[in-house]
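Before any comments, here is the structure.
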Amino acid sequence: LNDPDLVETLVSNSADAIDWLSNLDTPIVLNDVSSFGGASVKRIHRPVDEEGKTVSVGAYIVPLLEQNAKDLGVEFIFNTAADELLVDENGKVIGVHASDGSTSYTVNADSVVFATGGFDGNLEMVSEYRPDLDGFISTNAQTVTGDGIVMATAIGAGTVDMDQIQIHPTVHQETAGLITEGLRGDGAILVNQEGVRFCDEVGTRDAVSAAELAQTGGYAYLIVDQKMVDASNVIAGYITKGYTIGGGDVAELAQAIGCDEATLQNTLDTWNGYVADGADPEFNRTSFAEPLDTAPYYAIKIAPGIHHTMGGVTINTDAQVLDSDGNVIDGLFAAGEVSGGLHGANRLGGNAVADIIVFGRIAGNGAAASVQ
């Protein structure tokens, strides 16, 4: 379903986006490359700390982007909801109205950039487009409610792929905490309640989610070992948050999960053999890292949750928002999850970060060029 021109734009500008981030006044360095869902080779760029341990890309990148913006004199107004686009008699967007409940703001501008995200946190809106997802939890903040899409369509913006809503296969159901795909890319496996692998863990998110839902109880366990914990502050954070159950050895882990010890031991032994051979004859997984052979072992009980909306307002390769007839809405740009057409029916892991940087830069440059 992807718009090929948008995909070409993302691909052609991705390497330059990595360089641009690293050359900011406050550098943002994404120099560790790994595998994520749907990738046949290592292609996702992520940060590491001073000790070389992986860290969460969102928690790393957003504060640094904010600091760069503040250093340039950008003013931030928090806890304030934009609710209306201002349009002149010629249909050009000339600003935005916002309110924090007690104070109203009218911001006049030569152009407006929407970077408001999707509507994953608005479960009523999700159910409107996908009734089959009613009852699923969402990994998104409750503020991700589709406001940008609503404001844009109110002035005639077109939308595309609004029913294309992605569920992520590894969500901690009790907290709606997202368990990053990086764990599977770095060598974790998924087992069902019986302690058996059942899919290619780094397949596309829809395929892995569907495979999980077909297992006993519709859930699975993500298995990592101490070696993976030692290399990742992200996993250490999951342990601190109480997401994991553990065992000093495989037998204790099997007891914690409630599966047969011999079955789980056989699953791990078989998997470690596949790692050594670099081939997975059961599920044709092509991404291998280190074997899972260092006690203690940890498991995170997960199931699918709503994660990303591929649909949104229609844009062109200049990140300009288009109306329902395909014409440019003068003065309005959009980047990231608020826009649609780039990811088609199934966003690949890591491409949201690529999207926000590549199309964010394009939108920013276009908005700057429109300043009178």
Side-chain angles (χ1 to χ4, degrees), residues 2-10 12-13 17 20 65-66 68-70 72-101 103-119 122 125 143-162 309-343 355-372:
N2 307 62
D3 180 330
D5 292 333
L6 294 180
V7 176
E8 174 66 29
T9 300
L10 180 77
S12 300
N13 291 279
W20 177 79
L65 286 172
E66 181 180 348
N68 277 286
K70 287 180 176 178
L72 291 169
V74 174
E75 179 183 0
F76 288 80
I77 304 175
F78 294 106
N79 301 311
T80 302
D83 52 33
E84 182 184 5
L85 283 167
L86 307 179
V87 182
D88 68 13
E89 64 276 5
N90 298 315
K92 182 182 186 301
V93 174
I94 56 171
V96 65
H97 178 271
S99 173
D100 64 5
T103 304
S104 293
Y105 298 87
T106 297
V107 182
N108 299 305
D110 291 298
S111 59
V112 170
V113 177
F114 266 151
T116 53
F119 56 94
N122 185 341
M125 193 170 178
T143 52
V144 185
T145 53
D147 298 358
I149 297 171
V150 172
M151 283 186 281
T153 54
I155 66 165
T159 59
V160 60
D161 298 337
M162 290 293 287
T309 47
M310 278 77 73
V313 298
T314 310
I315 62 169
N316 60 20
T317 56
D318 293 322
Q320 295 171 300
V321 177
L322 308 179
D323 66 20
S324 55
D325 294 321
N327 302 308
V328 170
I329 297 178
D330 194 16
L332 185 60
F333 299 83
E337 198 175 356
V338 68
S339 61
L342 171 61
H343 302 294
D355 179 4
I356 65 173
I357 302 302
V358 168
F359 282 93
R361 292 180 71 200
I362 292 171
N365 288 330
S370 70
V371 174
Q372 302 298 316

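Values below: every heavy atom of this structure, side chains too, minus hydrogens, waters and symmetry copies.
Side-chain atoms of L86 and V93, non-hydrogen and from C-beta on, never get closer than 4.5 Å to each other. Side-chain contact between T145 and T116: absent, with no pair of heavy atoms (C-beta onward) separated by less than 4.5 Å. Side-chain contact between Y105 and T80: present, with at least one pair of heavy atoms (C-beta onward) separated by less than 4.5 Å. In this structure the side chain of I94 never reaches within 4.5 angstrom of the side chain of V87, judged on heavy atoms. Side-chain contact check for E84 versus V96: every heavy-atom pair is 4.5 Å or farther apart. Using a 4.5 Å heavy-atom threshold, the side chains of L342 and F359 count as touching. The side-chain heavy atoms of M125 and M162, taken from C-beta on, include a pair separated by under 4.5 Å. For the pair S99/D83, a side-chain contact is recorded, criterion being any heavy-atom separation below 4.5 Å from C-beta on.
Every side-chain contact (heavy atoms from CB on, under 4.5 Å) that V328 has, sequence neighbours left out, goes to N316, Q320, L322. In this view, N13 and T9, V358 satisfy the side-chain contact (heavy atoms from CB on, under 4.5 Å) rule, not counting sequence neighbours. Under the rule for a salt bridge (Lys or Arg N to Asp or Glu O under 4.0 Å), the partners of K70 that lie at least two apart in sequence or sit in another chain are E66.
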Requested in this report: Kindly determine whether N2 and H343 satisfy side-chain hydrogen bond (donor to acceptor under 3.5 Å, both in side chains), including the steps that lead there.
Outcome: CA-CA 6 Å; N2 307 62; H343 302 294; 5.9 Å; no

Report task. Any chance you could lay out the side-chain contact (heavy atoms from CB on, under 4.5 Å) test for V338 and F119, step after step, and finish with the verdict? Result -> CA-CA 8 Å; V338 68; F119 56 94; over 6 Å; no

Report task. Let me see the working for V144 and N122 under side-chain contact (heavy atoms from CB on, under 4.5 Å), right down to the final yes or no. Result -> CA-CA 7 Å; V144 185; N122 185 341; over 6 Å; no

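Here the shortest heavy-atom pairing between H97 and S104 reads NE2-CB, 3.7 Å. Across all non-hydrogen atoms, the minimal contact from A17 to I357 is CB-CG2, 3.6 Å. A157 approaches I329 most closely through the heavy-atom pair CA-CD1, 3.7 Å. Across every non-hydrogen atom of A334 and A363, the tightest pair is O-CB, 4.5 Å. Across all non-hydrogen atoms, the minimal contact from L332 to A152 is CD2-CB, 4.4 Å. A pairwise comparison of heavy atoms in V150 and T153 identifies O-OG1, 3.1 Å as the closest pair.
The only member of L10, L6, V7 that meets side chain to side chain contact (heavy atoms under 4.5 Å, CB included) when paired with T317 is L6.
Atoms CG and CZ, from N365 and F333 in turn, are 9.5 Å apart once rounded to the nearest 0.5 Å. Atom CD1 of I149 is separated from atom OG1 of T309 by 6.0 Å, given to the nearest 0.5 angstrom. The CG atom of D323 lies 11.5 Å from the CG atom of D330; values are rounded to the nearest 0.5 Å. With values rounded to the nearest 0.5 angstrom, I356 atom CD1 is found 11.5 Å from S339 atom OG. Note: D100 CG to F78 CZ = 13.5 Å, rounded to the nearest 0.5 Å. Atom CD1 of I155 is separated from atom NZ of K92 by 11.0 Å, given to the nearest 0.5 angstrom.
The closest donor-acceptor contact from the side chain of D88 to the backbone of N90 lies under 3.5 Å.
Within 6.0 Å of CG in N79 there are 12 or fewer heavy atoms belonging to other residues, nucleotides or ligands.
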